Amino acid sequence: MSELATLLEVGGPVAALGGGAAYTRANHPSLYWSAVGGPISTVRLLSSYASVMEACGLTVAPSRLRVLAVKATTRREVRPVPPRRGIIRPTATGLRLRLRLAPGQEPADVAASAERLRHAWGVHAVYVSTVKPGVVELRLVGFDVLRKVRMPRKTGGGFLQVPVALREDAMLFIRDYRAVPHQLTLGATLSGKSMYLRHLVSGLAPQDVALVGVDCKRGVELAPFASRLSALATDPDEAAELLPVLVKEMEDRYDLIKARQGIAPGTPDEEITSDIWGLPDRERPVPVVLFVDEVAELFLTATRKDEERRDEMVTQLIRLAQLGRAAGIYLEVCGQRFGAELGKGATMLRAQLTGRVCHRVNDEASAKMALGDIAPEAVVAACAIPAERPGLAVAGDTSGGWSRIRTPYLSLGDAADVCRETAHLVPDLPALRPFQPYVPAPSHPVARPGPAVQPRPLTD
């Protein structure tokens with residue numbers, strides 16, 4: 001009986017400790033990783049580094065000098081040499097370390113062994129990136145960071161840069177309009193596409209940027225941000241009037257650039273430019289970001305007259321996509337489906353949209369429309385997005401690179417509040433004044449719902 005009592009006295013705290021660790025791992029993975037998972041994985045890495053590298057085929061034969069030195073000083077066996085390992089740097093989500101590759105090795109050799117390294121060191125995933133010739137960085141992620149998205153407190157970013165989501169390697173996904181001027185975002189109903197759009201609008205609202213919206217669903221997606229919009233079209237008829245104005249604005253900006261190029265001889269080279277970013281600050285027009293929600297509505301027609309209007313709008317969108325970057329006009333095209341069956345000009349417009357973000361879609365053909373022409377292997381990843389993970393998407397660009405991302409939850413009210421607080425930043429563009437949405441002044445404060453009646457977050 002005394003032995004049983006002793007076991008119960010010891011087993012109780014141990015069981016409580018194990019249960020607490022399991023609860024922390026499930027509900028607070030970052031805390032669990034910092035306290036338990038990180039130290040364990042670090043010990044595994046340090047104790048098994050050489051043997052794991054050899055098992056993965058990442059070792060090379062030692063040099064003759066090394067062989068002679070080992071034989072002269074010791075009697076131990078001369079083993080193959082693994083890549084030289086740098087200092088292990090812990091992070092809130094995993095570990096980072098650099099490897100100096102041995103002669104004859106390349107980063108692809110290490111990337112091919114990422115899955116083996118993941119199992120050997122007991123982490124969720126291993127990602128390999130090239131730092132410089134001969135040096136790669138291993139980024140070990142300790143847990144699934146996309147299961148419950150937590151954006152870093154310091155997101156960085158800059159002008160025309162919006163930290164909009166978290167990548168699967170725990171790095172930020174930043175929508176950089178200077179690097180990727182135009183983007184196509186696809187997603188089925190309740191896939192998280194609207195949440196992605198909210199983050200873009202709320203991220204650009206505090207910046208010196210003109211925001212223009214085309215929302216043919218009667219404005220239900222973009223109307224809450226009307227206080228920060230310079231123009232808003234809520235049906236195809238209004239869009240047919242707004243797009244020519246944007247094209248004319250683009251042409252005027254090209255005239256401004258051309259006038260700047262025709263300067264007197266002897267002007268410094270840095271003052272000669274082919275886009276608005278080379279203009280002096282006092283002459284540079286404000287950038288314009290055009291959001292097109294549910295782009296398929298612009299292509300649908302019922303009569304011959306509608307077909308003529310459709311062809312004109314598509315032509316104007318293509319012109320903006322082809323020529324808008326140098327004039328500081330950027331496109332963000334969103335929809336549930338986008339392909340050649342929409343009609344004339346759809347494929348040509350898609351080819352001008354460098355960035356691609358594909359949320360959960362209803363069929364494989366939609367994923368191929370978004371990613372098939374830039375990263376065919378990403379199509380399989382897009383088709384595997386589960387319905388219970390809204391906000392999860394596959395992001396790629398024409399370079400062929402792609403990654404899984406997930407947008408954190410942002411309520412419509414919070415995004416609208418950001419737009420109201422930054423309404424004074426709406427730039428004065430005379431050409432867009434007729435299209436600026438009317439925003440009535442609130443007569444009384446709107447009661448915000450408490451936590452008990454908040455809608456279900458998009459992150460599970």
Side-chain angles (χ1 to χ4, degrees), residues 164-165 175 180 182-200 213-222 233-236 239-240 243 290-302 306-307 309-311 313-318 320-321 331-398 402 404-407 458:
V164 68
R175 176 71 175 95
V180 182
H182 314 302
Q183 182 169 276
L184 174 65
T185 302
L186 295 185
T189 302
L190 298 179
S191 65
K193 176 168 52 66
S194 298
M195 193 70 57
Y196 184 87
L197 187 61
R198 291 177 196 173
H199 276 273
L200 287 178
V214 174
D215 183 3
C216 292
K217 293 192 299 184
R218 299 297 178 184
V220 295
E221 291 290 348
L222 296 177
T234 59
D235 57 51
L243 291 176
L290 171 61
F291 295 97
V292 182
D293 188 65
E294 209 56 66
V295 65
E297 288 294 321
L298 297 179
F299 285 84
L300 298 179
T301 60
D306 291 340
E307 292 180 2
R309 182 193 61 189
R310 187 271 312 275
D311 292 342
M313 289 191 296
V314 172
T315 300
Q316 290 153 358
L317 278 175
I318 293 174
L320 289 172
L331 271 62
E332 197 74 37
V333 180
C334 305
Q336 297 186 35
R337 185 177 175 86
F338 194 82
E341 72 277 3
L342 291 180
K344 180 182 177 181
T347 304
M348 187 175 181
L349 175 60
R350 183 183 62 175
Q352 303 297 327
L353 305 176
T354 306
R356 309 289 176 84
V357 173
C358 183
H359 294 76
R360 178 179 55 82
V361 290
N362 293 324
D363 57 349
E364 184 180 359
S366 298
K368 288 182 178 179
M369 293 174 191
L371 303 167
D373 58 335
I374 62 171
E377 64 275 9
V379 174
V380 179
C383 293
I385 297 176
E388 60 272 13
R389 281 204 174 187
L392 189 64
V394 176
D397 54 48
T398 52
W402 63 276
R404 294 179 182 86
I405 64 172
R406 196 177 189 190
T407 309
L458 277 182

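What you are looking at is a predicted structure, and each value in this text was computed from that prediction instead of being measured.
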Quiz item: At their closest point, which heavy atom of Cys358 faces which heavy atom of Ala370, and how far apart are they?
Solution: CB-CB, 4.0 Å
Exercise. Measure the shortest side-chain to side-chain distance between Leu320 and Leu331 over non-hydrogen atoms and say whether it is less than 4.5 angstrom.
Key: yes
Quiz item: Under the salt bridge (Lys or Arg N to Asp or Glu O under 4.0 Å) test, which residues partner Glu364, sequence neighbours left out?
Solution: Lys368
Quiz prompt | Residue among Glu297, Lys217, Arg218 satisfying side-chain contact (heavy atoms from CB on, under 4.5 Å) with Asp235 | solution = Arg218
Practice problem: Side-chain contact test, heavy atoms from C-beta onward, threshold under 4.5 Å: evaluate it for Val333 versus Leu317 and give yes or no. | Solution: no
Practice problem: Would you check if the side chain of Arg356 reaches a backbone N or O of Leu184 as a donor-acceptor pair within less than 3.5 Å? | Solution: no
Practice problem: Kindly give the heavy-atom pair with the smallest separation between Ala239 and Ala233, and that separation in Å. | Solution: N-CB, 3.6 Å
Exercise. Using a 4.5 Å cut-off on heavy atoms from C-beta on, say whether the side chain of Arg337 contacts that of Asn362.
Key: no
Quiz item: Within a strict 4.5 Å, meaning less than it, do heavy atoms of the Arg175 and His199 side chains meet?
Solution: no
Quiz prompt | ring-ring contact (aromatic ring centres under 6.0 Å, His included) partners of residues 345-397, not counting sequence neighbours, each pair once | solution = Tyr196-His359
Quiz item: What are the two closest non-hydrogen atoms of Asp215 and Leu222, and how far apart are they?
Solution: OD2-N, 3.1 Å
Exercise. Quick one: closest heavy-atom pair of Leu243 and Gln316, and the distance?
Key: CB-OE1, 3.3 Å
Practice problem: Taking all non-hydrogen atoms of both residues into account, name the closest pair between Leu190 and Pro390 and its distance. | Solution: O-CB, 3.7 Å
Quiz item: What distance separates Gln352 CD from Ile318 CD1, expressed to the nearest 0.5 Å?
Solution: 7.5 Å
Self-check item: Validation row: Val380, Cys383 side chains within 4.5 angstrom (heavy atoms)
Solution: no
Quiz item: Below 4.5 Å, heavy atoms only, C-beta onward: do Phe291 and Leu200 meet side chain to side chain?
Solution: yes
Exercise. Answer yes or no: is there a side-chain heavy-atom contact under 4.5 Å between Val214 and Leu290?
Key: yes
Quiz item: Do you know the tightest heavy-atom contact between Asp293 and Glu221?
Solution: OD2-CG, 3.3 Å
Practice problem: Can you spot which of Val357, Leu353, Thr354 makes a side-chain contact (heavy atoms from CB on, under 4.5 Å) with Gln183? | Solution: Val357
Exercise. Any chance you could measure Cys334, atom SG, to Leu197, atom CG, to the nearest 0.5 Å?
Key: 5.0 Å
Quiz item: Taking the side chain from Arg360 and the backbone from Glu388, do they hold a donor-acceptor pair closer than 3.5 Å?
Solution: no
